[in-house]
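Protein chains get the first letters and strands the later ones, always in sequence-line order, with residue 1 at the start of each. Hydrogens, waters and symmetry mates play no part in the numbers below; they use all other heavy atoms, side chains included.
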Protein chains: 2
Amino acid sequence: MTDRLTPRAREIVTAARALLEEAGPDRLTMRTLADRLGIKAPSLYKHFPDKHAVEVELVAQLLTETAEVLEAVEARAPGSLSALAGAYRGHALAHPHLYCLATERPLPRESLPAGLEDRAALPLLRACGGDLDLARAVWAFAHGMVVLEIHGRFPPDAGLDAAWKRGLSAFHP
Amino acid sequence: MTDRLTPRAREIVTAARALLEEAGPDRLTMRTLADRLGIKAPSLYKHFPDKHAVEVELVAQLLTETAEVLEAVEARAPGSLSALAGAYRGHALAHPHLYCLATERPLPRESLPAGLEDRAALPLLRACGGDLDLARAVWAFAHGMVVLEIHGRFPPDAGLDAAWKRGLSAFHP
DNA sequence: GTGTGTGGCTAACGCCGTTAGCCATGACCG
DNA sequence: CGGTCATGGCTAACGGCGTTAGCCACACAC
């Protein structure tokens with residue numbers, strides 16, 4: 001479970017996440033990451049083969065947390081698409097840099113814990129009654145809303161709650 | 001119209017676009033861009049203040065072409081959401097690197113030709129009967145589908161045509 | 001007590017965007 | 001015709017990036 005990583009490696013990932021969330025992806029640098037840990041950049045390579053491997057752990061964190069959040073919502077309000085969507089949006093907007101890092105590149109499926117991708121997807125699929133195409137469409141809608149919002153793509157005065165409602169009501173029977 | 005740029009600057013943007021589309025964003029480098037033009041990297045700064053300014057022109061290109069494509073579809077099949085969506089998807093997938101460059105960061109609204117953002121959005125808004133929230137939801141869905149597809153986020157065997165259909169039918173009356 | 005692995009370090013390489021400063025060409029004006 | 005000046009190249013260099021090579025100190029095992 002957590003034994004994917006040595007304790008020191010976990011500390012590094014923790015620092016990387018803090019750095020990413022506070023300062024954004026541009027500042028997530030092997031040198032500044034090392035600084036935060038009181039070591040020099042080359043020492044990081046004793047724990048990870050390269051920067052990408054650190055980022056993969058952050059992707060796994062986002063996926064895991066997303067799964068947890070959605071599972072919790074599912075337990076509280078089974079079958080509710082809009083409850084799932086609200087939780088998805090909330091978690092993504094609470095961690096925008098992490099969300100983009102984990103989302104705006106190909107999934108490193110080989111390096112991820114087995115089953116994690118499916119686990120994060122299952123609550124939505126269940127809420128869609130097992131309709132894969134519907135689940136994918138809803139996921140695309142939610143992801144689109146989140147990334148467009150994060151990047152300030154909607155007009156500055158756009159009332160996005162209404163757009164979420166409008167989209168979700170379209171998907172809901 | 002095109003006098004936003006000097007002729008030489010336009011050549012540079014053309015080369016930048018070719019480089020981006022062929023080799024991806026990582027290879028869109030001031031040095032390799034200069035190489036392609038037979039000059040040295042610092043010479044580029046006689047024409048653009050920085051790399052970002054070159055990228056802004058590429059963003060403007062994508063926006064302009066999107067507007068043109070959607071306007072053409074609108075003329076041919078007025079009011080058809082799925083025709084618009086198909087054209088949007090087609091253009092984006094034909095230029096995936098450009099689409100991501102233009103889309104996965106804040107819009108440089110100040111540096112863009114006036115009215116371009118609105119122009120690209122209007123055909124969809126019209127097809128939605130002026131319903132802003134609906135148009136935003138449909139846009140988010142389409143954008144989500146496109147970026148998830150570009151980044152290989154759907155399972156490799158996913159039949160995405162069905163997901164598009166499912167989503168569009170949800171939005172259509 | 002002597003290996004051996006662990007986890008630091010410094011120095012350096014080859015990229016990156018960018019700046020400073022130099023120089024050739026050619027247009028324009030007296 | 002001659003001087004001025006903008007244009008658009010150039011080289012050298014800076015600081016920052018990911019990364020590698022190679023060294024060293026310490027802890028623990030046999």
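Judged as a side chain to side chain donor-acceptor pair (under 3.5 Å), the pairs with a partner in residues 114-138 of chain A (not counting sequence neighbours) are, in order, A:Glu71-A:Arg119, A:Glu74-A:Arg126, A:Arg109-A:Glu117, A:Asp131-B:Arg166.
Between the side chain of B:Arg36 and the main chain of B:Thr32, no donor-acceptor pair closer than 3.5 Å is present. Panel note: side chain B:Thr6, backbone B:Ala9; a donor-acceptor pair is recorded below 3.5 Å.
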Quick test: give all pairs of protein nitrogen or oxygen and nucleotides 25-27 of chain C nitrogen or oxygen below 3.5 Å, distance rounded to 0.1 Å.
none

Which atoms of nucleotides 7-11 of chain D (N or O only) lie under 3.5 Å from a protein N or O atom, and what are those distances?
| unit_1 | atom_1 | unit_2 | atom_2 | d |
| --- | --- | --- | --- | --- |
| D:dG9 | OP1 | B:Arg8 | NE | 2.8 |
| D:dG9 | OP1 | B:Arg8 | NH2 | 3.3 |
| D:dG9 | OP2 | B:His47 | NE2 | 3.0 |
| D:dG9 | O6 | B:Lys46 | NZ | 3.0 |
| D:dC10 | OP2 | B:Lys40 | N | 2.6 |
| D:dC10 | OP2 | B:Ser43 | OG | 2.9 |

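Two residues are said to be in side-chain contact when any heavy atoms from C-beta on lie closer than 4.5 Å; A:Arg89 and A:Leu160 meet this criterion. B:Tyr88 is not listed as a side-chain neighbour of B:Val73, based on a closest heavy-atom distance of 4.5 Å or more. Taking 4.5 Å as the limit, some side-chain heavy atom of B:Arg105 sits within range of a side-chain heavy atom of B:Glu55. Side-chain contact between B:His151 and B:Glu104 is present, with heavy atoms from C-beta onward closer than 4.5 Å. B:Pro113 places a side-chain heavy atom less than 4.5 Å from the side chain of B:Arg4. With contacts defined as side-chain heavy-atom distances shorter than 4.5 Å, the pair B:Leu93/B:Tyr99 does not qualify.
Other cluster members for B:Val59: B:Val56, B:Leu63, B:Leu107, B:Leu112, B:Leu116, joined by side-chain heavy-atom distances under 4.5 Å among Ile, Leu, Val, Met, Phe, Trp and Tyr.
B:Leu122 and B:Leu81 fall into different hydrophobic clusters, where Ile, Leu, Val, Met, Phe, Trp and Tyr are joined by side-chain heavy atoms under 4.5 Å apart, directly or via other members.
Taken residue by residue, residues 18-34 of chain B places heavy atoms nearer than 4.0 Å to DNA chain C at B:Leu28, B:Thr29, B:Met30, B:Arg31.
For B:Asp50 and C:dT19, the CG to P distance is 8 Å, given to the nearest whole Å. For the pair B:Lys51 NZ and D:dG16 C1', the interatomic distance rounds to 14 Å; values are reported in whole Å. B:Tyr45 places its OH atom 18 Å from the P atom of D:dA12, with the value rounded to the nearest Å.
Between A:Trp139 and B:Phe154, the ring planes are perpendicular. Angles over 60° get that label, and only those under 30° would be called parallel.
Each end of the helix from C:dG1-D:dC30 to C:dG30-D:dC1 gets its own axis, taken as the rotation carrying the C1' atoms of four end pairs onto the next four within a five-pair window, and the two axes meet at 10° to the nearest 10 degrees.
Atoms CG and CZ, from B:Leu33 and B:Arg17 in turn, are 14.5 Å apart once rounded to the nearest 0.5 Å.
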